[in-house]
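See structure below.
The chains referred to below are lettered A, B, ... by the order of the sequence lines, with proteins before strands, and numbering in each begins at 1.
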There are 2 protein chains.
Amino acid sequence: MDDDLMTIREMCDAFDVTPRALRFYESKELLFPLREGQKRLYTRRDRGRLKLILRGKRFGFSLEEMRQLLDLYDRGDAQEEQLRRTYEVARERLAQMERQRDELDEAIEELRGQLEWGAEMIASFRRSAAE
Amino acid sequence: MDDDLMTIREMCDAFDVTPRALRFYESKELLFPLREGQKRLYTRRDRGRLKLILRGKRFGFSLEEMRQLLDLYDRGDAQEEQLRRTYEVARERLAQMERQRDELDEAIEELRGQLEWGAEMIASFRRSAAE
DNA sequence: GTTCAGGCTTACGTTAACGTCAACTTCGCT
DNA sequence: AGCGAAGTTGACGTTAACGTAAGCCTGAAC
């Protein structure tokens, strides 16, 4: 009943992740649940971190990147220099994503162009393959 | 001098790929260079196929998908049914790419939103991590 | 005649983020 | 006692597209 501590299953249900994932994150030092005997007990802190981890994933951050970011806050020395670095990481990631999207847009346009010619695209493929 | 046949190195230079990649494609049955003793000799047909393979990669087709497509043309039975299937594969891929781009756009917007608050984003991270 | 570039084959390594066993232990319940 | 549910720790498997290294061959150049 201690709402402060959650079992692995409660965590899985709450965040829609698998037990394996949580243990994996722990092995990668992204989470540090307490132990009651063998069992893991996740604290509010773990939940906060997991939330950030999942958000980071949506942004395309790797687990390793998230670990580094989380470590910065943990060390409590997230002063100017550290904050700026974090900010930079995020900006770089954003730039990456924008480049990626632009490339995707190009590819889509190119492919769409082919498709507009319908079966003609296929004929093009055939010519290229034959020649 | 036989412009019809190219060595592996000429191919690499012409298409900007590594020898390893060409041998890999061959092992996956995407290319079928001739042999002069040990050495591979790439024909015009191989060049056509490679061009398509690389184009396919830009479109996000997997090598396996390209192999299947190329096989269709090879079998020479690329009649209506086959053509329609090819067309469908391409359309599905296009839809996939569009979905992917939309997700990317969402993520970008979300991240941009965070960044617009500048260092405030970082504070948000800190609050979340702490709480 | 030897060295050297370039090619060849075989096979293991890489990266990310888990999935999927196998083999226990523990706990509450009957 | 016994049983099933739930949790735990290894440890190997997965996917894609090559990279990398080891060891061998071969023709051309000096």
Side-chain angles (χ1 to χ4, degrees), chain A residues 1-2 5-43 46 49-70 93 96-97 100 103 107, chain B residues 1-2 5-43 46 49-70 93 96-97 100 103 107:
Chain A
M1 307 305 183
D2 192 336
L5 298 177
M6 289 172 65
T7 69
I8 198 169
R9 181 112 309 274
E10 289 170 335
M11 288 291 281
C12 291
D13 293 344
F15 292 91
D16 193 32
V17 293
T18 67
R20 182 69 182 89
L22 293 180
R23 295 190 196 106
F24 181 72
Y25 295 157
E26 185 179 345
S27 78
K28 293 292 180 182
E29 304 193 280
L30 284 150
L31 297 178
F32 311 94
L34 302 175
R35 290 303 179 105
E36 182 183 284
Q38 284 279 58
K39 294 172 184 172
R40 289 167 171 80
L41 288 178
Y42 294 86
T43 66
D46 290 310
R49 294 175 71 94
L50 180 55
K51 192 172 168 186
L52 290 176
I53 291 165
L54 298 179
R55 178 192 295 174
K57 289 195 62 172
R58 288 209 312 284
F59 290 163
F61 288 93
S62 70
L63 291 183
E64 173 57 18
E65 284 172 324
M66 286 309 297
R67 190 189 62 72
Q68 289 178 23
L69 290 178
L70 289 171
R93 189 82 257 284
Q96 262 181 42
M97 290 165 73
Q100 194 180 331
E103 282 177 33
Chain B
M1 304 306 185
D2 193 335
L5 299 177
M6 289 172 63
T7 68
I8 199 169
R9 183 113 309 276
E10 288 169 335
M11 289 290 282
C12 291
D13 293 344
F15 291 92
D16 193 32
V17 293
T18 66
R20 182 68 182 90
L22 292 181
R23 296 190 195 106
F24 181 72
Y25 294 158
E26 186 179 345
S27 77
K28 294 292 181 182
E29 304 193 279
L30 285 151
L31 297 179
F32 311 93
L34 302 175
R35 290 302 178 105
E36 184 184 284
Q38 284 280 55
K39 292 172 184 172
R40 290 167 170 82
L41 288 178
Y42 294 86
T43 67
D46 289 312
R49 294 175 70 93
L50 179 55
K51 192 172 168 186
L52 290 176
I53 291 164
L54 298 179
R55 179 192 296 175
K57 290 194 61 171
R58 288 208 312 283
F59 290 164
F61 288 93
S62 70
L63 291 184
E64 173 57 16
E65 283 173 325
M66 287 308 296
R67 191 188 62 72
Q68 290 179 22
L69 289 178
L70 289 170
R93 188 83 259 282
Q96 262 182 43
M97 289 165 74
Q100 193 180 332
E103 282 177 34

Counting only side-chain nitrogens and oxygens, does A/Tyr25 get under 4.0 Å of the OP1 or OP2 atom of C/dC18?
yes

Heavy atoms only: give me the nearest A/Leu30-A/Met66 pair and the separation to one decimal.
CD2-C, 4.0 Å

Phosphate OP1/OP2 of D/dC18 contacted by B/Thr18 side-chain N/O (<4.0 Å):
no

Rounded to the nearest angstrom, tell me the gap between atom CZ in B/Arg40 and atom C1' in D/dT26.
15 Å

As a test of reading the structure: which of D/dG7, D/dC18, C/dG7 is closest to the side chain of B/Phe24, going by heavy atoms?
D/dC18

Just the rounded figure in Å: distance from P of D/dT8 to CG of A/Leu31.
13 Å

B/Glu64 CD to D/dA16 P: how many Å, rounded?
8 Å

Of B/Gln38 and B/Ser62, whose closest DNA chain D nucleotide lies nearer the 5' terminus?
B/Ser62

Quick one: does A/Asp46's side chain have a donor or acceptor within less than 3.5 Å of a partner on A/Thr43's backbone?
yes

When rounded to whole Å, the CD1 to C1' distance for the pair A/Ile8 and D/dA6 reads 10 Å

How close or far is atom P of D/dA17 from atom NZ of B/Lys28, stated in whole angstroms?
8 Å

By nearest nucleotide on DNA chain C, pick out whichever of A/Ala21 and B/Thr7 is the more 5' one.
B/Thr7

Between C/dT9, C/dC27, C/dG7, which nucleotide gets closest to the side-chain atoms of A/Lys39?
C/dC27

Between C1' on C/dG7 and CD on B/Glu26, what's the gap in Å once rounded to a whole number?
12 Å

Under 4.0 Å, heavy atoms only, any strand: does A/Arg23 hit a base, just the sugar-phosphate, or nothing?
base

To the nearest angstrom, how far is A/Lys57 atom NZ from C/dA16 atom P?
13 Å

Closer than 4.0 Å, any side-chain N/O of B/Arg67 to the OP1 or OP2 of D/dA16?
no

When you check the gap from the basic side-chain N to the acidic O, do A/Arg23 and A/Glu26 get nearer than 4.0 Å?
no

So, under a plain 3.5 Å distance rule, would you say the side chain of B/Arg9 forms a donor-acceptor pair with the base of C/dG6?
no

Any donor-acceptor pair under 3.5 Å joining the side chain of A/Arg20 to the base of C/dT20?
yes

Residue pair B/Tyr42, B/Leu50: steps toward the side-chain contact (heavy atoms from CB on, under 4.5 Å) verdict:
CA-CA 10 Å; B/Tyr42 294 86; B/Leu50 179 55; over 6 Å; no

Interatomic spacing from CE in B/Met11 to OG1 in B/Thr18 - rounded to 0.5 Å
12.0 Å

Take the protein atom CE of B/Met66 and the nucleotide atom P of D/dA16, then report the distance between them rounded to whole Å.
16 Å

